[in-house]
There are 2 protein chains.
Amino acid sequence: MVRMKDVAKASGVSVATVSNALSGNKYVSSELREKIFKTIESMGYKPSKIARSLKIKRTFIVGLIIPDVTNPYFAEIARGVEDVLLGHDYQMFLCNTDGNKRRERAAIDSLISQHVEGIINVAPRSGDKDLAEFVGQLPMVVMDRDMDDVSPYFDSVYTDNYTASAKLAEHFLRLGHKSFACLAGPDDVPIARRRLQGFIDKLEEERIDRKSTVVLKGTFQFESGYELMKHVLKRTPRPSAVFAANDLMAWGAVEAAKEKGLKIPDDVAIAGFDNIYFSEFIVPALTTFHQPKFEAGQIAMRRLMEKIEKKNKRLNLEAKRVILEGRLIVRESTQSF
Amino acid sequence: MVRMKDVAKASGVSVATVSNALSGNKYVSSELREKIFKTIESMGYKPSKIARSLKIKRTFIVGLIIPDVTNPYFAEIARGVEDVLLGHDYQMFLCNTDGNKRRERAAIDSLISQHVEGIINVAPRSGDKDLAEFVGQLPMVVMDRDMDDVSPYFDSVYTDNYTASAKLAEHFLRLGHKSFACLAGPDDVPIARRRLQGFIDKLEEERIDRKSTVVLKGTFQFESGYELMKHVLKRTPRPSAVFAANDLMAWGAVEAAKEKGLKIPDDVAIAGFDNIYFSEFIVPALTTFHQPKFEAGQIAMRRLMEKIEKKNKRLNLEAKRVILEGRLIVRESTQSF
DNA sequence: CTCCACTGGTAAATCGATTAACTAGATGAT
DNA sequence: ATCATCTAGTTAATCGATTTACCAGTGGAG
């Protein structure tokens, strides 16, 4: 491996001069600079980012923690994050947690000892106290966690899930539905609770009998939606409208309904949440609440970048919340056209 | 930040002893060891991987280069790679290239200067000569590139695309189809050429008139399949069977056909390639050639790990090719049940 | 009683960069 | 002529670990 020292010797200058020529931090005569660049080229010298990082205490690396890249929702966020990174010459460590608290914790620890400059933590399962432990250790932006209690510590970027699912409820009510099933997410995930609550509250507000609403808890995965829907379809009377906590579950529900020979939306209407890429194309196309995933990733990463800059200037940046604008998207799974 | 030096001072020993206690490389009396661990705990010391890397010349980081995580096919490979990594306490840099040669090149350069220990390069667009430049610089495993010419340089893991698509052709022929359309991948992607060739050759072998086969080139993306299919459906006579170069394109083709009010598979049969997770669930479920994506990621990563180990022992490991076993999966998009 | 091997620990060099402090020479103002 | 300033470079300390070479003390063999 060729080091800066070797380049210096070969071009008859000191390492300091090579370093200055490279960084432009101090003036180096164009004569020498040219000479140096030539030997760098000919020797195939590549500066060691490791050594550099050790000295300047910066790595230009961030960590992205998500439950699962295989989930199109998270994959799109990841692309948004990367999009911003690319322009800044940063690298990204990717960690999947499978929604496992222990793995999430391990990921954060590992990222910290790798000296990442910041972390984007998507849909964390860790409690606020767990996260609070890392306050001050490094900048972190939390996504998809719309509880107030994290915000004092870290920045957050998310959709107002409560209002969003209320809109879905409204949509169902407008269509005249009177009996409902909710395929909810895990109880310990804040956004899952919010989505459920927003939906339920709206129904109550409109004086729908609470007993006419079935609530089942699942895991945000396709299989989960499929299984829960099979249970729902065994009930009599059968609910006429099903709200799934995300598109993957809605999709599973659709499959279960089709298997039973039910017509969607006539026999049963189904809506999801997220508007993942594929929801437009499955049959029937899914009614859902659109979340700007790519943009959310960008926003979160830009915010993280700001925090990193500020931190390096020893400035403190107050924690901030960004509430994303989403929108209801009505498609064939709830309404015939 | 608390350094090893601080821990040493606080426990009244030298840094060497702390280091030895931590690594177990040299014997440290249990008395001291305990004391050291206690102060480490109380001071919240976390060893700097940067400093360690600089000294021992290892980073325990690998790079994964893929066209796009948003594509479920690559996402699954990524999970397979990560699965192996996790057991070895490695971290992974993720780079998306969007199939862009320049970005791929930039990714490799960046990864090298980050001192990754190896790279898994999935479906590279770079030519063999481009890649050859990195031979000897670091271990690399190439995936989804089934050309012989890369193999002398780097390990590779892939499916025998030629034989696989021949099987799909056979399947169509068995069903009695006589006129075909191929929605192929980009011409400069080796596996795209192989898939096309395998299909075409099998047709010829069975004396299908070449003129009855339409070949259109696309981009492996949903939209591309959709657009190409629209062109195909304008032709008279309309082909009765469509082979798309991957599931995403097949899916797009399905949508285009449905839009025209065509029945699948009766009016037109459609098959894809890859068997991505969702292909089982779309309607009609897709006939496709299954590739073991997660397992392929695991295999590639295990192989890379071997190469890294060998390299660190100054041993040379010959380049090797792993041909994966896939299988034909027949579903409703080609055959009514 | 000496010598040697062994044990448990330390001092200091090292990895490859950055950068503060310094220097030698040139230029300019008074 | 003297001193301050500027220019273009160098020397050496530093980042935070690992590891080689060394040392002091102990115990056993001869």
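Note that the coordinates shown come from a computational prediction; the quantities given were computed from them, not determined experimentally.
For the pair A/K5 NZ and C/dT18 C1', the computed distance is 15 Å after rounding to whole Å. For the pair A/E31 CD and D/dT7 C1', the interatomic distance rounds to 14 Å; values are reported in whole Å. Note: CZ (B/R3) to C1' (D/dT14) measures 11 Å, nearest angstrom. For A/M1 and C/dG16, the CE to P distance is 6 Å, given to the nearest whole Å. For B/Y27 and D/dG25, the OH to P distance is 20 Å, given to the nearest whole Å. Atom P of nucleotide C/dG8 and atom CZ of B/R33 are separated by 11 Å, given to the nearest angstrom. B/N20 has its CG atom 20 Å from the P atom of D/dG16, to the nearest Å. Nucleotide C/dT19 holds its P atom 7 Å from the CD1 atom of A/I56, rounded to whole Å.
Between the side chain of A/N71 and the main chain of A/Y73, a donor-acceptor pair closer than 3.5 Å is present. Of the possible donor and acceptor atoms, one in the side chain of A/R103 sits under 3.5 Å from a partner among the backbone N and O of A/N96. A donor-acceptor pair under 3.5 Å is absent between the side-chain atoms of B/S110 and the main chain of B/A106, judged by distance alone.
Here A/E306 pairs with A/R303 in a salt bridge; the nearest charged N to carboxylate O distance falls below 4.0 Å. Between B/D6 and B/K9 there is no salt bridge, since no side-chain N of the basic residue sits under 4.0 Å from a carboxylate O of the acidic one.
When the nucleotides D/dG9, C/dT19, D/dC15 are ranked by their closest atom to the side chain of A/V28, D/dG9 comes out on top. Closest approach to the B/L32 side chain among C/dT19, C/dC15, C/dG9 is made by C/dG9 (side chain taken as heavy atoms from C-beta onward). For B/M4, counting side-chain heavy atoms from C-beta on, the closest listed nucleotide (C/dA12, D/dA17, C/dT19) is D/dA17.
For the pair B/N25 and D/dT19, the criterion of a side-chain N or O lying under 4.0 Å from OP1 or OP2 is met. At the phosphate of D/dT18, OP1 or OP2 sits under 4.0 Å from a side-chain N or O atom of B/S19. The phosphate of D/dT20 has neither OP1 nor OP2 within less than 4.0 Å of any side-chain N or O from B/K26.
Residues A/S42 and A/T39 bring no donor and acceptor atom of their side chains to less than 3.5 Å of each other. Counted by atom type alone, A/Q221 and A/T219 present one or more donor-acceptor pairs between their side chains at under 3.5 Å.
Across all strands shown, A/S14 has heavy atoms under 4.0 Å from base atoms, whether or not it also approaches the sugar-phosphate.
Contact check of residues 44-55 of chain B against DNA chain C (heavy atom, cut-off under 4.0 Å) returns B/L54, B/K55.
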